[in-house]
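Beneath this line is the structure, given in structure tokens, with notes to follow.
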Amino acid sequence: MRYSQYFLPTSADTPSDAVVISHKLMLRAGMIRKLAAGIYTYMPFALRTIHKISNILREELNRAGAIELLMPAVQPAELWQESGRWSQYGPELLRFKDRKDGDFCFGPTHEEVITALVRSEIRSYRNLPVNLYQIQTKFRDEIRPRFGLMRGREFIMKDGYSFDADEAGAMVTYWKMYEAYRRIFHRCGLKFRPVEADTGNIGGSLSHEFQVLAESGEDALLNCGSCDYAANVEKASERNDAAAPDPAGFLPVETVDTPGMGRIEEVSAFLQRPPEQFIKMLVCLADGTPVAVLVRGDHELNPVKLKGLLGADAVEMADDAMVLSAAGAPAGFVGPIGLKGNLRLLADHAVRGVLNGVCGANQADKHRIHVNPGRDFQAEYADLRMARAGGRCPKCEGGVLEAHRGIEVGHVFYLGLKYSRAMKAQFLDAAGKENPFVMGCYGIGVTRTMAAAIEQNHDAHGVIWPMPIAPFHVILCPINPKKDEEAGRAADALYGELTQAGVEVLHDDRGERAGSMFADADLLGVPIRVAIGARGLKDGIVEIKRRNEAEPARVPLKEAARVVQDMIRQDLEKYA
RNA sequence: CGGGGCGUAGCGCAGCCUGGUAGCGCGCCUGCCUUGGGCGCAGGAAGCCGUCGGUUCAAAUCCGGCCGCCCCGACCA
């Protein structure tokens with residue numbers, strides 16, 4: 001591609017409303033332009049990367065036995081009413097009416113459409129499993145779109161859905177997709193990590209997110225330094241083996257005055273006892289019903305775990321008035337001893353290990369000391385706390401958890417029967433009996449992957465594309481070609497030669513000064529830059545520089561095409 | 001949806017408090033000059049000051065409504 005014939009407007013300065021680096025660089029590099037909040041035009045340069053990512057997706061998914069189709073973006077409300085999500089989904093679902101006043105939405109996801117399709121087409125176990133995917137524009141009316149393509153409203157997504165005859169088959173499919181995802185992100189040239197994820201409102205037990213590792217990532221991850229355990233903090237656990245202490249050490253409970261001290265730090269300082277010795281009681285509302293939850297004083301409740309345990313749609317902290325009415329004591333002084341009978345009491349595993357602990361006394365300005373779980377109260381124990389870096393790995397002996405940040409670019413999800421049951425999508429098994437399909441769903445944010453690639457691969461000057469998803473392999477920079485005809489001729493010849501060989505070349509024939517050209521080359525992040533100028537040509541030399549290296553290689557002009565092709569091949573093989 | 005902020009030339013911003021001729025840098029156009037890391041000089045085009053209304057002799061500036069956008073929070077495959 002000749003730059004002078006292309007549509008690639010770059011800019012030296014950053015629009016003020018961009019916060020994250022991928023957004024800034026994509027604007028400066030002429031990759032995207034905003035049309036409305038969270039809605040962007042993908043400019044030609046960006047579209048090339050979108051196509052490259054899409055093609056890697058197709059190759060790997062097809063290899064794994066999935067089949068591409070394309071469903072409508074606009075969906076009728078009836079389907080969503082069948083699954084129950086028309087009322088559940090909330091304002092994030094963009095709804096509208098057609099001219100006949102019928103309700104429709106712009107699809108944020110396609111479980112309903114695909115389930116209806118498979119329901120009407122597949123009757124027999126003989127035709128299972130099927131695994132279908134599409135690459136399509138989605139719309140989610142995000143509460144707060146931000147960070148450019150990282151959290152847009154309109155975005156391109158690969159979404160896939162599998163249908164199996166039984167759970168065992170669905171598991172096979174699930175892990176096949178998991179492996180395909182590993183290959184996909186590896187082939188994109190990204191540093192990533194699959195992590196265990198919360199299954200959210202869908203329930204079920206099996207879900208993994210594929211996280212591109214980047215400091216700017218919105219998701220906090222924990223992984224074991226010794227084994228392959230890795231999870232989103234929402235899901236992550238620490239080892240839960242706190243043993244109940246020996247009752248021989250139990251001291252009698254006492255009530256002490258703690259005037260005005262409702263916070264752990266205050267009471268801890270006042271009583272000279274460390275927060276680990278505290279039993280913190282929180283009152284939460286699970287779909288409106290109060291429950292009491294105990295965590296150790298130095299721990300945090302993980303609301304996602306609580307929500308999952310209770311099977312609730314929403315969990316929130318009770319306000320002070322609710323605490324008072326549910327527990328009978330002011331917030332800050334509630335405790336597990338002598339609770340109102342009907343209040344359910346849950347506790348994190350770590351609470352079991354507290355010996356002679358401190359907790360609220362269920363009356364204002366008083367705490368109890370020498371409180372011992374088991375002797376002084378009974379609770380339902382579960383994993384309810386936030387895991388932390390430095391915590392012990394739940395999976396291996398001796399491993400310690402480390403913290404990272406990531407950008408969620410893919411998600412594989414075991415759905416089970418949720419949609420097939422709700423929508424009566426059934427097949428006949430070998431015994432002639434009707435069964436609901438066992439489903440899985442698998443998403444990859446294509447445009448988000450592009451943004452994540454930039455978040456992970458950039459420097460002060462611009463993007464540094466991994467070769468497999470770079471919009472071009474090479475950028476050709478003839479120095480002063482209008483004056484120096486030899487440079488111009490050599491560049492044109494090399495351009496022709498490389499293009500013939502199938503190399504994707506951006507030929508910067510704009511006649512810009514060297515400084516501007518190099519600055520743009522760095523900004524655009526094309527992996528290989530070839531500079532052709534009088535300085536080298538007098539010795540028959542051109543300079544070939546990788547974007548991620550500081551020094552160029554000086555290569556005879558005659559060999560330039562071959563050297564460039566070798567470099568590209570090397571890079572691509574690394575990610576094959 | 002709660003809190004905060006911003007809308008002035010394509011982009012980044014000043015001007016607003018204290019009402020009276022709309023300005024700077026970048027970019028763009030012309031010419032000369034220069035040419036290996038965003039050259040220099042000279043000339044030029046370009047703005048219904050988001051929008052509607054109010055106050056005033058006079059509004060970018062003061063007041064109110066609306067719209068849009070951004071940031072923080074809650075939410076989210």
Side-chain angles (χ1 to χ4, degrees), chain A residues 9-20 23-24 27-28 30 33-39 85 88-93 107-111 138-148 150-153 155 157-161 197-202 207-211 218-219 232 234 303-304 307 313-317 407-413 415 441-449 460-462 477-484 487 510-523 529-538 541-543 545 550 552 554:
Chain A
T10 58
S11 151
D13 46 28
T14 318
S16 61
D17 55 5
V19 179
V20 299
H23 191 194
K24 290 178 183 170
L27 289 168
R28 287 189 49 205
R33 288 293 182 262
K34 184 170 75 178
L35 185 63
I39 300 177
R85 287 161 109 191
Q88 276 172 22
Y89 215 94
E92 197 178 308
L93 182 63
T109 178
H110 280 66
E111 281 85 2
K138 298 283 193 267
F139 193 92
R140 293 184 190 173
D141 202 350
E142 291 281 348
I143 295 167
R144 187 144 97 81
R146 57 185 135 173
F147 305 148
M150 298 278 284
R151 182 169 295 279
R153 294 196 292 173
F155 55 98
M157 176 166 158
K158 187 287 298 182
D159 52 323
Y161 308 87
D198 176 58
T199 48
N201 288 337
I202 297 177
S207 172
H208 287 86
E209 292 164 350
F210 285 75
Q211 297 274 355
E218 287 190 273
D219 290 341
N232 192 308
E234 291 181 346
V304 174
K307 192 167 131 181
D313 287 330
V315 164
E316 53 185 339
M317 297 299 296
I407 300 161
E408 183 193 351
V409 290
H411 201 152
V412 294
F413 217 115
L415 286 177
C441 72
Y442 317 94
I444 289 179
V446 176
T447 41
R448 184 186 277 185
T449 298
H461 304 289
C477 299
I479 311 295
N480 206 7
K482 284 177 183 153
K483 273 278 176 56
D484 178 3
R510 293 173 300 173
E512 290 288 322
R513 307 168 59 83
S516 304
M517 214 164 25
F518 291 156
D520 274 340
D522 286 348
L523 173 63
R529 186 188 79 191
V530 180
I532 303 182
R535 201 149 83 185
L537 281 181
K538 70 179 183 334
I541 294 288
V542 299
E543 289 171 13
K545 188 181 104 60
R554 291 167 55 80

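Order of the sequence lines sets the chain letters (A, B, ...), proteins ahead of strands, with each chain counted from 1. Any value given below was found using the heavy atoms of this structure, including those in side chains, with hydrogens, waters and symmetry copies removed.
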Counting distance only, does the side-chain N/O of [X] pair as donor-acceptor with the main-chain N or O of [Y] below 3.5 Å?
{"X": "A:Lys158", "Y": "A:Tyr442", "value": "yes"}
{"X": "A:Gln211", "Y": "A:Ile407", "value": "yes"}
{"X": "A:Arg153", "Y": "A:Ala37", "value": "yes"}

Is any side-chain heavy atom of [X] closer than 4.5 Å to a side-chain heavy atom of [Y]?
{"X": "A:Ile39", "Y": "A:Phe139", "value": "yes"}
{"X": "A:Met157", "Y": "A:Arg448", "value": "no"}
{"X": "A:Cys441", "Y": "A:Glu111", "value": "yes"}
{"X": "A:Lys34", "Y": "A:Leu27", "value": "no"}

For the pair made of [atom1] in [X] and [atom2] in [N], what is the distance, rounded to whole Å?
{"X": "A:Lys34", "N": "B:rG10", "atom1": "NZ", "atom2": "C1'", "value": "15 Å"}
{"X": "A:Asp17", "N": "B:rG10", "atom1": "CG", "atom2": "P", "value": "16 Å"}
{"X": "A:His110", "N": "B:rA77", "atom1": "NE2", "atom2": "P", "value": "17 Å"}
{"X": "A:Asn232", "N": "B:rA77", "atom1": "CG", "atom2": "P", "value": "11 Å"}

If I pick the [atom1] atom on [M] and the same atom on [N], what distance separates them, to the nearest angstrom?
{"N": "B:rG38", "M": "B:rC1", "atom1": "C1'", "value": "45 Å"}
{"N": "B:rC17", "M": "B:rG10", "atom1": "C1'", "value": "30 Å"}
{"N": "B:rA59", "M": "B:rC52", "atom1": "P", "value": "14 Å"}
{"N": "B:rU30", "M": "B:rG20", "atom1": "P", "value": "38 Å"}
{"N": "B:rC48", "M": "B:rU61", "atom1": "P", "value": "16 Å"}
{"N": "B:rG25", "M": "B:rA58", "atom1": "P", "value": "34 Å"}
{"N": "B:rC11", "M": "B:rC16", "atom1": "P", "value": "23 Å"}
{"N": "B:rG7", "M": "B:rA60", "atom1": "P", "value": "15 Å"}

Within the 4.0 Å heavy-atom criterion, would you say [X] contacts the bases, only the backbone, or no part of the nucleic acid?
{"X": "A:Thr109", "value": "nothing"}
{"X": "A:Arg448", "value": "base"}
{"X": "A:Phe210", "value": "nothing"}
{"X": "A:Glu209", "value": "nothing"}

Once you apply the 3.5 Å cut-off to both distances, tell me the Watson-Crick or G-U wobble partner of [N], or none.
{"N": "B:rC28", "result": "B:rG44"}
{"N": "B:rC6", "result": "B:rG68"}
{"N": "B:rC33", "result": "none"}
{"N": "B:rC1", "result": "B:rG73"}
{"N": "B:rA14", "result": "none"}

- Task: Could you check A:Ile143 against A:Ala18 and say which one's nearest nucleotide on RNA chain B is further toward the 5' end?
- Result: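 Nearest-nucleotide comparison on RNA chain B picks A:Ala18.
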- Query: Would you say a side-chain N or O of A:Arg144 is under 4.0 Å from OP1 or OP2 of B:rC71?
  - Reply: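 The answer is yes; a side-chain N or O of A:Arg144 sits under 4.0 Å from OP1 or OP2.
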- Message: How would you summarise protein contacts on nucleotides 35-42 of chain B per nucleotide, using B for base, S for sugar-phosphate only and - for none, with heavy-atom distances below 4.0 Å?
- Response: BBBBB---
- Message: Closer than 4.0 angstrom, basic N to acidic O: yes or no for A:Asp520 and A:Arg510?
- Response: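 Here A:Asp520 pairs with A:Arg510 in a salt bridge, since their nearest N and O are under 4.0 Å apart.
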